[in-house]
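As structure tokens, the structure follows; a few thoughts come after it.
Please read all numbers here as calculations on a predicted model, not as lab measurements. Naming: A, B, ... by sequence-line order, numbering from 1 per chain.
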There are 2 protein chains.
Amino acid sequence: MSSARSADPANPAGAINALVFDAYGTLFNVHSVVARCDELFPGKGQALSALWRSRQLEYSWLRSLMGRYVNFDQVTADALKYACDALQLSCSEAQRVALAQGYRTLQPFDDARDALSALAAMSSAPRLAILSNGAPDMLNALVAHNRMERAIPDVMSVDSVGVFKPDPRVYQLAVDRLKLPAAQIGFVSSNGWDAAGARAFGFKVLWINRGGAPVEELGVRPDRELKSLRELPGLLAGM
Amino acid sequence: MSSARSADPANPAGAINALVFDAYGTLFNVHSVVARCDELFPGKGQALSALWRSRQLEYSWLRSLMGRYVNFDQVTADALKYACDALQLSCSEAQRVALAQGYRTLQPFDDARDALSALAAMSSAPRLAILSNGAPDMLNALVAHNRMERAIPDVMSVDSVGVFKPDPRVYQLAVDRLKLPAAQIGFVSSNGWDAAGARAFGFKVLWINRGGAPVEELGVRPDRELKSLRELPGLLAGM
């Protein structure tokens, strides 16, 4: 895999002093909302959740390019409106608000819980942070709901730069907050496009590929590919 | 529908002195390549074409945001590589090159041919142009293959600004080339996100919604929604 811009090409995952996690899809399962969708629209929960999520991402990219940023709460609500319309599901505004509230109580993946516990127990534990498209209050509610405030002290939102990932200004937020060079920051994401954006920016990128997807063809490769977040503490300890 | 930035809100489609068409999906059917895909991978042509197209668009947005523009030939080739890998279709590089060549000989939609003929026959025919993500040689080959050089004299590619739609710098190309204010340019696209980007920029937008899709929830609405390009000459003549 490519290691351009690494200080030491022979050890592309070396010298990581902080780990910055993506939130949605990496630590937290966005499809936790399927059950709620399925209660409202029996048998349609999975299709609704999938289209909602794909439009949510597309709208974040499109609004960034259009220079028409609105926060991720709004993007999430807009994407849900489109998804209901496209699937011809009659969903009142109150029902949509209730569904979107589900983003504040998403469940962590099992491997995320295990990895965070193991990282906290390491003798020289790296500093842990979140860098997410989510609006600050969405993220704070989500971290508080899952009692992760102590485990992950730095929670950074794109909202302060008014553009979404993978714009490099977003990744720069972590460099500024953590006061570390990009090459000393390990960026952890299960979203292939986010991994590519972070690698292009200059982070050491650990791509969590739970589903065995092909790598995204965006001209850069993650430094390491992991099947599960459970591999992360061992990878760091061995360095 | 919204008519913000229109000179005359009561007549949002008025005073159109030029029509600028999107190419892929609007004049030309990108799924013309399904038959070729199906020859190589029987029964998989439609799935391959759909995933290829969706990744092609995503990569154009992501590379624009990453500041890593490559031309649409490369984006198209990259997206095809990903789609073949994801669908576990064994496709040699030579086969992929041959498939991607299909973008140079796409077929126009029937309603596109009819509309262009009718527009050319109008007594005060508007100037016609194309503004596309395609690389210049892709577009020129496509227009020449379909003998449209005379009907559409201005063919503009995003390549000269090094970013893809819906970045406003792309739409500005048409204003500069046609030397008309945005509000006097009718922008015609079947891609809802492109229609939104063009409307946010300030064009009069005619959204060709052949499939009865819901409007994209991107904070702006097209000025007019048409079921077919065949409605276009009548709409202009009635103004």
Side-chain angles (χ1 to χ4, degrees), chain A residues 51-52 54-70 74-89 96 133 158 163-172 191-202 211-220, chain B residues 51-52 54-70 74-89 96 133 158 163-172 191-202 211-220:
Chain A
L51 184 56
W52 182 9
S54 70
R55 270 306 191 283
Q56 181 195 49
L57 291 177
E58 290 182 20
Y59 287 177
S60 74
W61 303 328
L62 290 164
R63 279 192 171 270
S64 294
L65 282 171
M66 289 162 69
R68 296 224 165 183
Y69 177 84
V70 290
Q74 184 67 50
V75 166
T76 300
D78 291 344
L80 178 57
K81 169 82 165 60
Y82 177 91
C84 290
D85 289 348
L87 297 172
Q88 298 182 302
L89 303 175
R96 293 202 307 272
N133 274 341
V158 303
V163 73
F164 293 104
K165 298 176 179 180
D167 187 295
R169 287 170 287 179
V170 172
Y171 303 114
Q172 183 64 36
N191 293 296
W193 58 271
D194 185 23
R199 188 68 196 79
F201 176 75
V215 69
E216 297 290 350
E217 296 290 337
L218 287 163
V220 286
Chain B
L51 184 55
W52 182 9
S54 71
R55 270 308 191 278
Q56 180 195 48
L57 292 176
E58 290 182 20
Y59 286 177
S60 73
W61 302 328
L62 290 165
R63 279 192 171 271
S64 295
L65 282 172
M66 289 162 69
R68 296 223 165 185
Y69 176 84
V70 291
Q74 183 67 49
V75 166
T76 301
D78 291 344
L80 178 57
K81 168 82 165 61
Y82 177 91
C84 290
D85 289 349
L87 297 173
Q88 298 183 302
L89 302 175
R96 292 202 309 271
N133 273 342
V158 303
V163 72
F164 292 105
K165 297 176 180 178
D167 187 293
R169 287 171 286 179
V170 171
Y171 302 114
Q172 183 64 35
N191 293 296
W193 59 271
D194 185 22
R199 188 68 196 77
F201 176 75
V215 69
E216 298 289 351
E217 296 290 338
L218 287 162
V220 285

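When all heavy atoms are compared, the tightest approach of A:Met66 to B:Ala200 is CE-CB, 3.7 Å.
Side-chain atoms of B:Leu62 and A:Glu216, non-hydrogen and from C-beta on, never get closer than 4.5 Å to each other.
Between chain A and the options B:Ser54, B:Ala213, B:Ala86, the largest number of non-hydrogen pairs under 4.5 Å is found for B:Ala86. Between chain B and the options A:Gln88, A:Arg63, A:Arg169, A:Glu58, the largest number of non-hydrogen pairs under 4.5 Å is found for A:Arg63.
Partners of B:Thr76 by side-chain hydrogen bond (donor to acceptor under 3.5 Å, both in side chains), not counting sequence neighbours, listed by chain and number: B:Gln56.
Heavy-atom distances place the side chain of B:Arg55, and not its backbone, under 4.5 Å from chain A. Contact annotation for B:Gln74: neither backbone nor side-chain heavy atoms come within less than 4.5 Å of a heavy atom of chain A.
Here the CG atom belonging to A:Leu65 is positioned 4.0 Å from the CG atom belonging to B:Leu65, to the nearest 0.5 angstrom.
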